[in-house]
There are 2 protein chains.
Amino acid sequence: MPTIEEVAKAAGVSVATVSRVLNNGQVSPKTRILVENAIRELNYEPNMLGRNLRRSESRMILTMIPNISNPFYSVIVEGIEDAARKNGYNILLCNTEADVEREKIYLDLLKQKLADGIITMEPAIDIDVLKEVGKRYPVVQCCEYSEKINIPYIAIDNVTAAYKATKHLLTIGHKKIALINSDEKFMYARQRKEGYIKALQEFDIPVNEDWIVNAGLSFESGQRMMKYLLSLKDKPSAVFAVSDILAIGALKTIKDEGLKVPQDIGVVGFDNIQFANMMNPTLTTIEQPRYQMGVEAAEMLIKRIKDKKQKVENVILDHQLIIRESTMEY
Amino acid sequence: MPTIEEVAKAAGVSVATVSRVLNNGQVSPKTRILVENAIRELNYEPNMLGRNLRRSESRMILTMIPNISNPFYSVIVEGIEDAARKNGYNILLCNTEADVEREKIYLDLLKQKLADGIITMEPAIDIDVLKEVGKRYPVVQCCEYSEKINIPYIAIDNVTAAYKATKHLLTIGHKKIALINSDEKFMYARQRKEGYIKALQEFDIPVNEDWIVNAGLSFESGQRMMKYLLSLKDKPSAVFAVSDILAIGALKTIKDEGLKVPQDIGVVGFDNIQFANMMNPTLTTIEQPRYQMGVEAAEMLIKRIKDKKQKVENVILDHQLIIRESTMEY
DNA sequence: ATAATTTATGTAACGGATTACATTGAAAAA
DNA sequence: TTTTTCAATGTAATCCGTTACATAAATTAT
């Protein structure tokens with residue numbers, strides 16, 4: 001691999017001039033051509049290790065995902081990657097498995113200068129740790145966030161989204177609506193519950209605590225919770241699950257028990273993952289603009305990397321209720 | 001951020017000694033403790049940009065995935081990531097969208113020293129280009145591969161796997177078995193077709209070309225192909241799809257047309273993605289040891305990075321037929 | 001006790017770029 | 001013509017580690 005010095009020699013100029021050509025500095029047209037020819041002839045590509053050291057940047061964005069196999073995240077990552085690439089950044093993928101230790105190791109990459117900033121979704125880590133990191137380095141929260149710390153975020157209005165989902169069920173005549181929620185340590189879980197309750201109240205329907213259950217994140221967890229709900233004496237006639245994965249688990253249980261969706265039980269999910277549309281019946285859900293969220297998160301982060309002082313505003317993106325077969329009027 | 005020089009000053013030693021402590025060089029126990037204390041006090045972390053430049057390595061593995069949203073790949077990436085981390089490598093995620101231009105841009109990262117090697121799955125790029133890259137840099141093929149070029153690969157025995165899947169259908173009594181294949185530009189597509197034919201021949205069943213269709217990669221494509229198969233005068237009684245995504249598309253079409261799986265039509269997929277088990281009915285499929293494939297690919301690559309000359313052997317991992325509801329005896 | 005080894009540590013070169021500052025030369029202004 | 005200004009280019013310092021080589025100190029061997 002040739003170095004800038006060899007190019008300089010070949011072109012009969014100094015390394016400074018070559019560097020200027022590379023970075024669009026002030027160079028006379030004649031010289032520029034000379035240098036460009038040398039670059040082409042030697043098939044030269046600048047060594048980023050040298051450049052990065054000198055510039056003290058890595059042009060890497062650390063993307064911390066709790067679970068890469070959860071299809072919810074993949075589209076966000078696509079958005080992040082596209083926006084990053086457009087700005088000359090690459091993404092360092094970090095699958096945290098919601099494991100604090102792994103997160104810590106990855107956070108160290110910032111100190112080691114291997115990453116210029118972080119986009120985090122659903123951090124398992126102590127909020128105080130994240131806060132400290134946020135003071136020193138550019139950080140952006142995506143989807144799941146804490147408002148207690150001064151770190152900007154991209155998200156949707158979960159309260160309104162859950163409200164709409166529940167209201168949809170109410171509108172088509174359901175009065176007995178269960179909520180399969182996640183762990184309420186998550187902000188989104190608390191917010192979606194709030195939206196669910198808000199809709200019930202608007203329709204003067206009392207909240208039945210028996211119908212509010214807390215599941216994990218997995219398909220199996222959705223199955224289990226649905227089994228529980230169907231075991232109640234007073235069964236719900238519809239379910240709102242806070243993720244499509246949970247909803248798909250519910251769907252499976254309902255059918256396994258010989259009941260029909262939507263005739264016997266209506267189901268609404270959340271996220272609009274690809275598979276929501278592949279189920280039988282197809283799943284009514286809330287669409288989150290995931291690709292766009294990724295793009296905005298990356299752009300926001302890059303802005304902050306370029307100008308640390310820059311105050312960036314949180315971004316709330318639009319969501320959308322997508323009505324499919326699982327809640328056809330009954 | 002403190003530098004190695006400041007640590008040296010604080011510990012009252014030279015930078016060389018600090019570096020030796022950092023790299024487990026020969027240092028007297030007393031001095032080592034002195035340095036370690038200084039490191040702790042200053043909260044020092046080595047700047048990897050400096051180290052990488054000096055060592056002329058990036059400790060990054062470029063992972064080229066055609067489509068990050070395809071759940072087939074995510075588990076492989078998990079394996080790659082875990083193995084990489086264990087060896088002190090990070091992974092640079094590259095979603096190629098099977099786009100040659102994007103691939104080229106990513107391949108340039110090697111020249112630029114931003115990555116030490118590549119793991120590629122289903123390269124869209126010209127096989128000759130890949131061959132050239134493989135001569136100069138460490139490359140490993142994962143899952144999809146070409147044998148025409150001298151680049152090691154991790155894969156399964158697709159012929160035998162497809163043979164087993166088809167034989168299973170034959171064994172439970174099916175005689176009219178369709179194949180929903182992918183584009184035969186893919187090695188795996190050609191191999192799986194071969195296995196399918198082999199099984200039919202073993203059972204003395206003539207190959208019916210009408211029942212062999214080539215689909216794309218998407219769910220919708222699976223739906224379309226199944227629709228076509230059901231429109232035939234002489235319909236198949238079972239389908240073997242070369243991916244779960246295609247099989248799930250087929251499943252949907254079959255049910256939309258009012259037919260029952262497995263009673264009316266048996267379905268077998270391939271890959272054993274997470275969702276295969278969430279369908280109704282659950283999907284019979286071939287399990288690929290995806291996590292393990294990722295691990296092996298990463299380890300093989302790292303071996304090659306550390307010793308360019310090293311001749312590594314291709315690895316064929318075991319697969320497994322997983323029988324579920326979609327092919328219960330009929 | 002002296003020589004030969006071995007161990008511990010330091011000095012300085014090096015990896016490959018960027019860029020502040022200095023210098024040269026040409027164009028513009030006086 | 002002389003002075004001023006500015007564009008073009010070069011020299012060398014710098015970013016932060018690693019490591020070859022040199023030197024000093026401590027062991028071991030003789």
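Naming: A, B, ... by sequence-line order, numbering from 1 per chain.
Residues forming a side-chain hydrogen bond (donor to acceptor under 3.5 Å, both in side chains) with B/E147 (at least two apart in sequence, or on another chain): B/Y153. Scored by the salt bridge (charged side-chain N to carboxylate O under 4.0 Å, His left out) test, A/R85 finds no partners at all (sequence neighbours excluded). By the salt bridge (charged side-chain N to carboxylate O under 4.0 Å, His left out) test, B/K86 pairs with no residue at all, sequence neighbours left out. Checked against salt bridge (charged side-chain N to carboxylate O under 4.0 Å, His left out), A/E6 has no partners two or more places apart in sequence or in another chain. A/E101 meets the salt bridge (charged side-chain N to carboxylate O under 4.0 Å, His left out) test with A/K104; sequence neighbours excluded. Listed by chain and residue number, B/Y188 satisfy the ring pair (Phe, Tyr, Trp, His ring centres under 6.0 Å) test with B/F186 (two or more places apart in sequence, or in another chain).
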Margin query: Counting primed atoms plus P, OP1 and OP2 as sugar-phosphate and everything else as base, spell out the protein contacts along nucleotides 15-22 of chain D at 4.0 Å heavy-atom distance: B, S or - for each nucleotide, 5' to 3'.
Written below: BBBBBB--
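No hydrogens or angles considered: a donor-acceptor pair under 3.5 Å links the side chains of A/N95 and A/E97. Using a 3.5 Å distance cut-off with no hydrogens or angles, the side chains of A/Y106 and B/N90 do not pair a donor with an acceptor.
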Distance-only check: which donor-acceptor pairs under 3.5 Å involve side-chain atoms of residues 120-131 of chain B, not counting sequence neighbours?
unit_1	atom_1	unit_2	atom_2	d
B/E122	OE1	B/Y73	OH	3.1
B/D126	OD1	B/D128	N	3.1

Going by atom type alone, with no hydrogens or angles, which donor-acceptor pairs under 3.5 Å involve a side-chain atom of residues 46-53 of chain B and a protein atom two or more places apart or on another chain?
unit_1	atom_1	unit_2	atom_2	d
B/N47	OD1	B/L49	N	2.7
B/N47	OD1	B/G50	N	3.4
B/N52	ND2	B/M48	O	3.2

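Interface limits on DNA chain C: the 5'-most and 3'-most nucleotides within less than 4.0 Å of chain A heavy atoms are C/dG16 to C/dA20.
Across every non-hydrogen atom of B/D116 and B/L110, the tightest pair is C-CD2, 4.1 Å.
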Between the protein and nucleotides 4-7 of chain D, which nitrogen or oxygen pairs are less than 3.5 angstrom apart?
none

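Between A/K303 and A/E299 there is no salt bridge, since no side-chain N of the basic residue sits under 4.0 Å from a carboxylate O of the acidic one.
Axis angle between the ends of the helix from C/dA1-D/dT30 to C/dA30-D/dT1, five pairs each and rounded to 10 degrees, works out to 40°.
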